[in-house]
Amino acid sequence: MSKQMKLILFALIALILVPSAAPAAVIQENETGFCNVDGAIESEHSGYTGSGYSNTDNSNGTGIDYKANVNTAGTYSVAVRFANGSSSRSADLIVNGLTIEAFSFAGTGTWT
């Protein structure tokens, strides 16, 4: 079962899918599961894991695309590591074209 996900946000570091009773699957930039960022992969600020972090263009509708294959239908948690040195930014978690959840990324006070 394949799920196409798009996170519309700023400076995402990693997407983590967690089924209820199994280990987490971590998707990092430039690795399997990472598809696209409306912006760039950067490494200017410290604190990221992998080869860098996604920094989306600073405009509405930009995001990051991931593809996750899950073997069993069910409920999965999604955890996101991020830094937002600016004010709160809104985001949507979209799975197969359907908005699953709208939320915001509060300012963290720094980009690291």
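All residue numbers refer to positions in the sequence shown, counting from 1. Heavy-atom basis, side chains included; hydrogens, waters and symmetry copies ignored. The structure displayed is predicted, hence computed values, not measured ones.
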| task | Start with the C-alpha distance between Thr49 and Arg81, add both sets of side-chain angles, then the distance that settles side-chain contact (heavy atoms from CB on, under 4.5 Å), and finish with yes or no. | result | CA-CA 10 Å; Thr49 59; Arg81 291 186 62 217; 3.2 Å; yes
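- Between Ile27 and Tyr66 the shortest heavy-atom distance is CG2-CD2, 3.3 Å.
- The aromatic rings of Phe82 and Phe105 sit perpendicular to each other, their planes meeting at more than 60°, with 30° as the lower class boundary.
- Ser43 is linked by a side-chain hydrogen bond (donor to acceptor under 3.5 Å, both in side chains) to nothing, counting only residues two or more places apart in sequence or in another chain.
- Between the CG atom of Asn58 and the CG atom of Asp38 there is a distance of 12.5 Å, given to the nearest 0.5 Å.
- Distance check, rounded to the nearest 0.5 Å: CG of Asn36 to OG1 of Thr56 gives 11.5 Å.
- Take Ser104 and apply the side chain to side chain contact (heavy atoms under 4.5 Å, CB included) test, not counting sequence neighbours, and it matches Ser88.
- For Thr108, there are no side-chain hydrogen bond (donor to acceptor under 3.5 Å, both in side chains) partners at least two apart in sequence or on another chain.
- Using a 4.5 Å heavy-atom cutoff, the side chains of Asn69 and Lys67 are in contact.
- Scanning for side-chain hydrogen bond (donor to acceptor under 3.5 Å, both in side chains) contacts around Ser86 gives Arg89, with sequence neighbours left out.
- Using a 4.5 Å heavy-atom threshold, the side chains of Glu44 and Asn55 count as separate.
- In terms of the side chain to side chain contact (heavy atoms under 4.5 Å, CB included) criterion, residue partners of Ile41 (sequence neighbours excluded) are, by chain and number, Glu29, Asn30, Phe34, Val37, Ser54.
- If you take OG1 on Thr99 and CG on Asp92, they are separated by 5.0 Å, rounding to the nearest 0.5 Å.
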